[in-house]
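See structure below.
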Amino acid sequence: MTDYHHPVLEQEVADFLVRDPDAAYLDVTLGGGGHTAAILDRLGPHGSITALDRDPEAIAQGRARFAGDARVRIHQSPFSHLGDFCAPESLAGALFDLGVSSHQLDERSRGFSFESGAPLDMRMGPDAESSALDWLKSASEEELARAFGSNSDLDRPWALAKRVKLLLGEDPAPTSDLLRRAVDGIYRPRDGERAGLLARVFQAIRMEVNRERDEIKTGLAAAVGALAKGGRVAVLSYHSVEDRAVKETFAGFEKECVCPPRLPVCVCGGNHRRLRKVLRKPQEASAEEIARNPRARSAKLRVMEKV
Ligand SMILES: C[S@@+](CC[C@H](N)C(=O)[O-])C[C@H]1O[C@@H](n2cnc3c(N)ncnc32)[C@H](O)[C@@H]1O
């Protein structure tokens with residue numbers, strides 16, 4: 001465990017994934033390296049783990065942490081490109097620990113924090129094209145409303161979008177305070193409600209800036225292609241929108257028949273199923289883990305196996 005990030009369900013994830021100690025594994029969200037280390041602990045001399053992260057700070061700390069262990073390979077990349085680093089049908093297990101690390105949240109300059117006066121950035125890595133502020137400025141009111149509604153299930157997304165645009169027009173140097181003012185203006189939160197609302201507004205913007213929904217869908221599909229038969233993919237998600245994207249993507253790979261619903265009979269052959277559930281219901285963290293690490297509170301672990 002490091003101060004960079006405390007991994008969630010660390011032993012459980014490694015237990016589900018590692019069944020052959022001399023096989024190849026992939027951790028697409030290296031972060032502080034906690035899960036990579038737990039997987040590595042279970043590997044023999046011929047096992048290997050490739051770790052990706054889009055954030056150069058995670059890459060630098062991972063290279064320092066695992067220096068000298070030839071079983072670990074580390075690459076900076078968004079996980080939608082994981083196919084560049086592993087051959088088709090080569091992996092025994094892949095892990096996606098979604099969202100941001102504690103380090104990213106705590107580093108005020110990264111712009112994920114809603115402390116007063118923090119910059120509006122929120123890029124997880126250099127592959128994100130624009131900062132949160134640039135995105136807020138360039139997106140239309142409709143695009144903002146759609147993001148607030150669909151990325152965070154916020155009430156009154158149109159009113160919020162309109163208020164954000166209005167405040168942007170009045171503020172020559174916008175910071176996190178602009179979003180606080182917008183939330184206060186629209187929802188009039190009581191003490192204790194503001195932080196939750198702001199977290200959801202930040203989440204909605206962060207998901208756009210980092211194209212998170214597309215990353216999840218493309219990354220999981222690429223992982224299915226990279227898994228060998230019997231290989232497993234584990235995903236940790238931390239909020240309902242993330243979890244929905246994971247669940248929907250997996251559901252597509254569980255279907256035997258992929259014919260359009262309008263066809264009266266199956267013409268696709270009915271043998272398209274690529275994944276089966278290892279866990280019938282997502283696993284959550286224990287009360288003890290949540291007491292130690294509050295970030296574990298909302299975690300849901302889904303594990304699937306390639307058939
Ligand atoms: C929750 S943290 C992972 C923590 C890690 N499992 C550990 O034990 O420390 C998520 C990490 O994934 C990275 N990340 C998020 N989305 C990504 C993506 N689409 N491609 C690559 N890395 C991503 C973030 O930069 C962050 O470092």
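Both ligands and their constituent atoms are indexed starting at 1 by order of listing.
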Can you give each donor-acceptor pair under 3.5 Å made by side-chain atoms of residues 225-233, sequence neighbours left out, with the distance rounded to 0.1 Å?
residue	atom	partner	partner atom	Å
Arg232	NE	Glu305	OE1	2.8
Arg232	NH1	Phe16	O	3.0
Arg232	NH2	Glu305	OE1	3.1

Students should find this: residues with any non-hydrogen atom under 4.0 Å from ligand 1. What is the answer? His5, Pro7, Val28, Thr29, Leu30, Gly31, Gly32, Gly33, Gly34, His35, Asp53, Arg54, Asp55, Ser77, Pro78, Phe79, Asp97, Leu98, Gly99, Val100, Ser101, Gln104, Met124, Glu215, Arg295
Listed by chain and number, what are the ring-ring contact (aromatic ring centres under 6.0 Å, His included) partners of Phe114, not counting sequence neighbours? Phe202
Could you tabulate the donor-acceptor pairs under 3.5 Å formed by side-chain atoms of residues 77-95, not counting sequence neighbours?
residue	atom	partner	partner atom	Å
Ser80	OG	Glu215	OE1	3.4
Ser80	OG	Glu215	OE2	2.6
Glu89	OE2	Lys306	NZ	3.4
Ser90	OG	Ala87	O	2.6

Charged N-O contact under 4.0 Å between Arg206 and Glu242: yes
Classify the side-chain pair Tyr4/Asp106 by whether it contains a donor and acceptor separated by less than 3.5 Å. no
If we ignore angles and hydrogens, is there a donor and acceptor under 3.5 Å between the side chains of Ser116 and Asp177? yes
